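Here is the structure we will look at, set down as structure tokens.
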Amino acid sequence: VSWAPAGAARLGHVGGFSVVPPDGSELRRTDTAIELLLPGARRPPLAEEASGARPLAQLRAELSCPAGCAVWVGRCLLGQSERLVAPHLLDSRRVRLGELTGLHTVTHHLPDGRLSVTLEQWWVVARGRASVLSVSMPTLDLAAHAPRLDALAASLRFDGPAPP
Amino acid sequence: VSKDDGYDREAGVLRAPMATLEALLARSGDAATEEDDPRFRQALVAAARPRCRLTIDRRGGRATCWIDRRGAALLVPRSGARGELCALDAAAVPAALAALLELSPRPSARAPLRLPVATLATLLAGTAGPPTHGEANSEAELRAALTPAAVHWRIESRWTGDRSPAPRVLEAIDSGGGQWSVRPAGDDVLLEPATTGELWRGLAGLFPRAR
């Protein structure tokens, strides 16, 4: 699936959750997720190999979440920790995003054993449906992208499932 | 350096007496030879001509990290006057700092506190003596929070060629029951409730951007 300009309109997926993409983002859709390539940092970080990488945001639908947020997040984090290289869970705390409540986690990992990557995730549940907004970027870029990440997370909303 | 010298090539770590490691670093990057691990050579070059130098104070020990565009050297004191010199990719330094600082999910403190700089220093040094009558609420609260399990850490970052004479600083206190970031506020310091995620973002901001 190729990337296309995301525009400024609110983007929703089949799970009923939506976000407003940051200006300059590119978009692609899959069956269960919206993916956004966020604008790159104005100046690349110190380390050559970390430069040019743009943050990748993914809003993923979990159509049914009967066991509740804590169980779902715990199961997902466990699976994630088995997939990532050298994962390190740095933070996990309850957050409120508009009318949604959920969990914000920050995980650090080393995908190629050298480049430090930070994965910030916002896990939300509404009316038995769940979604996770994940943003991944080189850690050396994190400070430059932080305001954009927070704005994206704050835009997360549950609009109800799409009509069949 | 070789295994016989205490060098773990896979981990990129040289373990030796601190004095030996400091003498090695003082040789301005010419201590390594062609036979040495390229990562180790790059670390010595970074230590000799760093783009950024970090000092990390925690639990009474001071680690130092020198970073250039490609490599980094992290010198960590260990017990018994020994130390570790870690050769890293520059982009992997945050991971090493997360491990060194033992960052993990912690509750943020309940409320901000404001204290004179000298009071904070006295409390952190553990020389404040018993609580006194008339002690400010913030001082009493911090005194109660600074149990033996509490951890104070501070990172100072200096960039080569930086126009700003002041270093960039990230400082935190984890009392066990709550975590604060520490910021200067005139003659006082302001302790603000902080999550580890917020501190992690602050840590990422200590590194220079490309020119």
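Convention: sequence-line order gives letters A, B, ...; per-chain numbering from 1. This structure is a prediction, so every number in the text was calculated from the model and none was measured.
Heavy atoms closer than 4.5 Å to chain B are found in the side chain of A/L110, but not in its backbone.
Within 6.0 Å of CG on A/D23 lie no more than 12 heavy atoms contributed by other residues, nucleotides or ligands.
Under a 4.0 Å N-O distance rule, the pair B/R201/A/D150 qualifies as a salt bridge.
By the 30° and 60° cut-offs, the orientation of the rings of A/F17 relative to A/F158 is tilted.
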Practice task
Output, in order, the C-alpha distance, side-chain angles, deciding distance and verdict of salt bridge (Lys or Arg N to Asp or Glu O under 4.0 Å) for B/R51 and B/D68.
Solution key: CA-CA 5 Å; B/R51 172 84 170 86; B/D68 72 5; over 6 Å; no
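Heavy-atom pairs under 4.5 Å with chain B were tallied for A/S92, A/S116, A/A86; the largest tally goes to A/S116. The candidate from B/S104, B/P105, B/A99 with the greatest count of non-hydrogen atom pairs under 4.5 Å with chain A is B/P105. With chain A as partner, the option from B/G205, B/P94, B/G202 having the largest number of non-hydrogen pairs under 4.5 angstrom is B/P94.
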